Amino acid sequence: MKRTSSQAVIASRKLYEILLVQVVKHPALMIVALLVLVSSLSFQTGRQSLNAPIEVSRALAGMQVEILQQQREVDRLTQDNRNNINALAVRLAELQAASTRLDALGERLTQMGQLSLDEFDFSQPAALGGPADPANLVATAEGDLRNSTEQLGDKLRRQAAQLDALQYLMLNRQMDEDLTPAGWPVRKGWISSRYGERTDPFTGQRTRHEGLDFVGSRGSDVLSVAAGVVVWADVRSGYGQTVEIDHGNGYQTRYAHCDSIEVDPGTQVTAGQLIAKLGKTGRASTPHVHFEVLQNGSPINPANFVGQLR
């Protein structure tokens with residue numbers, strides 16, 4: 001039966017006491033007693049020191065394995081977090097780009113709709129607020145944040161599509177308005193002769209007048225009543241110096257009896273742009289501009305357009 005280390009220590013102490021008694025009685029035995037005591041202690045210390053490194057090594061090895069496992073788990077979590085952060089950063093950049101585009105669309109639609117920029121300022125954040133209840137404050141989970149981000153992205157995409165459609169409709173409407181003749185071809189003056197049957201000022205006979213005559217000061221501005229392209233800028237028989245503009249959608253306008261012409265054929269003009277100077281060239285008794293509106297090549301009553309304002 002093996003003795004434990006404590007039993008061995010007790011036995012060594014008893015042996016030491018016996019030797020001490022003998023040494024007292026026989027001083028010559030002191031050297032022998034010391035040798036025996038050193039040998040005993042060396043033996044016990046050797047046994048203990050032999051078992052200790054093995055147990056310590058095993059414990060250290062186990063701790064190293066556990067540390068490695070924990071380090072791998074930390075590395076995995078760090079990589080997952082890094083991937084999640086990168087994904088959220090990319091998604092955030094997409095949402096920011098979509099938001100910037102919506103702001104630009106909103107500003108264009110505000111200008112097209114002639115809305116007040118004080119009421120619809122897309123450069124400022126929307127007003128939000130309200131009291132906070134600490135009892136209702138909870139931490140946002142990663143899954144909830146991701147779901148909210150995706151829902152916001154879907155909403156922004158739908159809104160962008162709707163605004164694109166609205167912008168397309170408003171642009172078409174604006175183009176139709178810009179290309180449709182409206183307003184007067186002079187800044188000021190009065191109408192001396194209307195569209196329809198009238199007495200010719202030179203022959204006195206009944207004749208058909210295909211436009212409106214606007215009386216004004218010679219040399220005053222003659223303006224385009226709509227956007228378009230100049231297709232004629234020269235003298236026409238009976239009309240004198242004449243400018244004709246094609247506005248698309250089958251509409252053309254004619255400005256006759258001009259004193260001078262300020263545009264060339266092929267020039268793109270906008271509504272209200274200077275195109276000529278008022279005069280009395282051609283068959284004209286006094287300075288005025290003879291204004292015609294043609295639809296698909298046939299003259300129509302300009303009164304349907306000159307009363308409109310842009």
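Since the model is a prediction, treat every value here as computed from it, not as a measurement.
Between F214 and F291, the two ring planes are perpendicular [angle over 60°; tilted spans 30° to 60°].
In this structure, the separation between CG on L278 and CG on D259 is 8.0 Å, given to the nearest 0.5 Å. Rounding to the nearest 0.5 angstrom, the gap separating the CZ atom in R218 from the SG atom in C258 is 11.5 Å.
Residues satisfying the side chain to side chain contact (heavy atoms under 4.5 Å, CB included) criterion with V235, sequence neighbours excluded, are Q241. In terms of the ring pair (Phe, Tyr, Trp, His ring centres under 6.0 Å) criterion, H247 has no residue partners (sequence neighbours excluded). For R208, the salt bridge (Lys or Arg N to Asp or Glu O under 4.0 Å) partners two or more places apart in sequence, or in a different chain, are E210. Looking at residues two or more places apart in sequence or on another chain, you find a ring pair (Phe, Tyr, Trp, His ring centres under 6.0 Å) between Y251 and F305.
Side-chain contact check for V222 versus V243: every heavy-atom pair is 4.5 Å or farther apart. At a threshold of 4.5 Å between non-hydrogen side-chain atoms, the residues D264 and V230 do not count as touching. Between I275 and I245, some side-chain heavy-atom pair lies under the 4.5 Å cut-off. R206 places a side-chain heavy atom less than 4.5 Å from the side chain of T199. Residues W232 and T242 have side chains in contact (heavy-atom distance under 4.5 Å, counting atoms from C-beta outward). A 4.5 Å side-chain heavy-atom check between E262 and K277 finds at least one atom pair inside the cut-off. For the pair Y255 and H290, the minimum side-chain heavy-atom distance is 4.5 Å or more.
V215 and V225 are not part of a single hydrophobic cluster, where members link through side-chain heavy atoms under 4.5 Å apart.
Atom CD of Q268 has 12 or fewer neighbouring heavy atoms from other residues, nucleotides or ligands inside a 6.0 Å radius.
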Test side chain to side chain contact (heavy atoms under 4.5 Å, CB included) applied to K280 and H288, step by step: CA-CA 6 Å; K280 64 170 203 174; H288 71 280; 5.5 Å; no
V289 vs V186, side chain to side chain contact (heavy atoms under 4.5 Å, CB included): CA-CA, chis, key distance, verdict: CA-CA 8 Å; V289 57; V186 293; 3.7 Å; yes
Residue pair T281, R236: steps toward the side chain to side chain contact (heavy atoms under 4.5 Å, CB included) verdict: CA-CA 10 Å; T281 59; R236 275 197 183 279; over 6 Å; no
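Between V293 and P302, the closest heavy-atom pair is CG2-CB, 3.9 Å. Shortest non-hydrogen contact noted between A303 and L212 is N-CD1, 4.1 Å.
Among pairs with a residue in residues 187-198, those fulfilling salt bridge (Lys or Arg N to Asp or Glu O under 4.0 Å) read R187-D221, R198-D213, at least two apart in sequence or across chains. Sorted by first then second residue, the salt bridge (Lys or Arg N to Asp or Glu O under 4.0 Å) pairs that include residues 288-306, not counting sequence neighbours, are R254-E292.
Two rings, from H209 and Y195, have their centers 6.0 Å or more apart.
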